[in-house]
Amino acid sequence: MQQLKVQQAKQNAEQAEFAARALRAQANEVQQAADRAQEEARSLFVRSDQAQSAAGQARQGLAMLKSFDTMQTRLVNAISQAGERQVQMQQASAPAPVVNTSGQVTGTVVNTVA
């Protein structure tokens, strides 16, 4: 009877050890999965920071392009206005033709009183 109890206790101990090893193996697998997940999370954080930085640079680039476009528009307008003023000044400073008594255009009036 004593021997039966010892044998049963031995089997229980072996089963417990087997279960403990199986649980230890599962725990190791879960720990490795957790480690991989944590490493993946770190990688995602890094990629997120890089994407955020790229987005900021893109916003700065867009602002520069808008500023350049505004400056280009102002420059084109200024050149156009300067050209129009030059044409107006040339037209205003052009001597008016002189018509003689016969109705012919003779040129410009020259001041001969000197």
Side-chain angles (χ1 to χ4, degrees):
M1 182 83 149
Q2 183 70 17
Q3 189 175 4
L4 184 59
K5 285 183 181 182
V6 169
Q7 189 174 2
Q8 191 173 7
K10 185 177 177 184
Q11 284 179 345
N12 287 344
E14 287 175 359
Q15 287 176 352
E17 283 181 28
F18 179 77
R21 280 194 294 272
L23 289 172
R24 173 69 63 171
Q26 279 183 321
N28 285 337
E29 287 177 19
V30 170
Q31 183 64 51
Q32 289 173 355
D35 291 344
R36 286 191 301 270
Q38 190 171 10
E39 185 58 36
E40 181 65 20
R42 276 194 282 270
S43 175
L44 288 173
F45 276 121
V46 168
R47 289 171 41 200
S48 170
D49 288 345
Q50 291 170 341
Q52 194 68 28
S53 176
Q57 290 174 351
R59 280 191 296 274
Q60 287 177 338
L62 179 60
M64 285 175 39
L65 286 175
K66 285 181 179 180
S67 176
F68 176 77
D69 188 45
T70 300
M71 288 182 352
Q72 184 180 17
T73 300
R74 288 179 181 172
L75 181 60
V76 166
N77 289 342
I79 291 171
S80 176
Q81 289 174 359
E84 289 172 8
R85 285 188 191 127
Q86 185 176 11
V87 168
Q88 290 171 355
M89 289 175 61
Q90 287 174 349
Q91 290 174 350
S93 66
V98 176
V99 179
N100 64 13
T101 56
S102 302
Q104 300 171 324
V105 176
T106 60
T108 58
V109 176
V110 178
N111 186 357
T112 58
V113 181

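Just so you know, these numbers use all the heavy atoms, side chains as well, and skip hydrogens, waters and symmetry mates.
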Output all residues satisfying salt bridge (charged side-chain N to carboxylate O under 4.0 Å, His left out) with Glu29, sequence neighbours left out; order by chain, then residue number. none

Can you tell me how far CD of Gln72 sits from OG of Ser67, rounded to the nearest 0.5 angstrom? 11.5 Å

Rounded to the nearest 0.5 Å, the CD atom of Gln2 sits from the NZ atom of Lys5 at a distance of 6.5 Å

Donor-acceptor pair, side chain of Ser43 and main chain of Glu39, under 3.5 angstrom: no

Gln52 atom CD, over 12 foreign heavy atoms within 6.0 Å: no

Other residues, nucleotides and ligands only: do more than 12 of their heavy atoms fall within 6.0 Å of CZ on Arg74? no

Are [X] and [Y] side-chain neighbours, meaning at least one heavy-atom pair lies under 4.5 Å?
X     : Y     : value
Val46 : Gln50 : yes
Lys66 : Asp69 : no
Phe18 : Glu14 : no
Glu84 : Val87 : no

Check Thr70, Val76, Asn77 against Thr73 for a side chain to side chain contact (heavy atoms under 4.5 Å, CB included) and give me the one that passes. Asn77

Do the side-chain N and O atoms of Gln31 and Asp35 include a donor-acceptor pair separated by under 3.5 angstrom? yes

Thinking salt bridges, do Glu40 and Arg36 make one under a 4.0 Å N-O criterion? no

